Every structure is written in structure tokens, then in C-alpha cells.
Student: 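First the structure, then my questions, so here it is.
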Amino acid sequence: MIILSKMDYEGEDLQADLRKLEAIHSRIQEKLGGRIEGPYLPQDASLLYIFHVNKYEWLNEAGRLWLAEVSKAKLPFSPKSYEIAVEPKEFFG
């Protein structure tokens, strides 16, 4: 399954903040698995990431870690929206 996650950015130094965000993403990957692609620059948000994961629960676990880490680092990113996409095989079993 993939999760398309969009977020907004309200900072001044995107490149420096992205390096810090990448470190957070790396820690989440080490702890929970999955694969992260991005960032991409979508039309309706500041950033888009694509998460390739094996189970839906990853979203909740990763989201809690992500929010805590971003808050702790005082990074100016905020979640905007997400979409989940599954293959027919995953959906129907």
C-alpha cells in the first residue's frame, strides 16, 4: 500500500529544514520499516511524500512519531492531508 502525505511549510530555510526532516524520516523508517519517497512539490501543498508500507497501522504509528519529532525539533511543517492507495489484491484479500 502507499500513503500520499501532503504537508505545508511555513519556514524561511526550506533546504536546512528538509535535512532535519529527512533525519526524522530515517529514524521512523529504522523503527517501523517502509520506504519513503520525496519530497515532491505538488500544486496544492508545500510538500508531498509517498510512503510505501505493508500495513495500515504504520500510518498511525509513524504519525505519532512524526508529530512528536517535528514538534521537538520546532520544524515549521504541518500535516495537510493524506490518501491511502491499495492494490486490488490488498483491498479484496
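For clarity, every value in this text was computed on a predicted model and none was experimentally measured.
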Student: Just grab all the salt bridge (charged side-chain N to carboxylate O under 4.0 Å, His left out) pairs involving residues 67-86, residues at least two apart or on different chains.
Tutor: Arg27-Glu69

Student: Taking only distance into account, with no hydrogens and no angle test, what donor-acceptor pairs under 3.5 Å do side-chain atoms of residues 37-52 form with protein atoms, sequence neighbours excluded?
Tutor:
unit_1	atom_1	unit_2	atom_2	d
Glu37	OE1	Tyr40	OH	2.9
Glu37	OE2	Arg35	NH1	3.3
Glu37	OE2	His52	NE2	2.6
Asp44	OD1	Lys6	NZ	2.9
Asp44	OD2	Lys6	NZ	2.9
Ser46	OG	Tyr9	N	3.0
Tyr49	OH	Glu22	OE2	3.1

Student: Does any part of the side chain of Asn54, heavy atoms only, come nearer than 4.5 Å to the side chain of Met1, both counted from C-beta?
Tutor: no

Student: At their closest point, which heavy atom of Gly11 faces which heavy atom of Pro76, and how far apart are they?
Tutor: CA-CG, 3.5 Å

Student: Linking I/L/V/M/F/W/Y whenever their side-chain heavy atoms sit closer than 4.5 Å, directly or via other members, would Met7 and Leu4 fall into one cluster?
Tutor: no

Student: Applying side-chain contact (heavy atoms from CB on, under 4.5 Å), name anything that partners Glu30, two or more places apart in sequence or on another chain.
Tutor: none

Student: Could you list the residues that satisfy side-chain contact (heavy atoms from CB on, under 4.5 Å) with Lys31, not counting sequence neighbours?
Tutor: Leu65

Student: State the CG-CG distance between Asp13 and Asp17, to the nearest 0.5 angstrom.
Tutor: 6.0 Å

Student: Are there over 12 heavy-atom neighbours, none belonging to Glu10, within less than 6.0 Å of that residue's CD?
Tutor: no

Student: Say whether Val53 and Ile2 are linked into one hydrophobic cluster, either directly or through other cluster members, by side-chain heavy-atom distances under 4.5 angstrom.
Tutor: no

Student: Search all heavy atoms of Leu21 against all heavy atoms of Leu75 and return the closest pair with its distance.
Tutor: N-CD1, 4.1 Å

Student: Side chain to side chain contact (heavy atoms under 4.5 Å, CB included) between Asp8 and Phe77: does it pass, once the steps are laid out?
Tutor: CA-CA 6 Å; Asp8 283 328; Phe77 296 102; over 6 Å; no

Student: Please evaluate residues Tyr56 and Glu90 with respect to the criterion side chain to side chain contact (heavy atoms under 4.5 Å, CB included), reporting the C-alpha separation (whole Å), side-chain torsions for both, the decisive distance (0.1 Å), and the verdict.
Tutor: CA-CA 11 Å; Tyr56 177 79; Glu90 291 174 299; over 6 Å; no

Student: Would you please name every residue forming a side chain to side chain donor-acceptor pair (under 3.5 Å) with Trp58, sequence neighbours left out?
Tutor: none

Student: Transitively linked via ILVMFWY side-chain contacts under 4.5 Å: Val70 with Leu59?
Tutor: yes

Student: Taking all atoms of both residues into account, what is the closest heavy-atom pair of Leu67 and Pro79, and its distance?
Tutor: CD2-CG, 4.0 Å

Student: Does the side chain of Ile24 reach to within under 4.5 Å of the side chain of Trp66, using non-hydrogen atoms?
Tutor: yes

Student: Membership question, hydrophobic clusters at under 4.5 Å side-chain separation (ILVMFWY): are Leu18 and Ile28 in the same one?
Tutor: yes

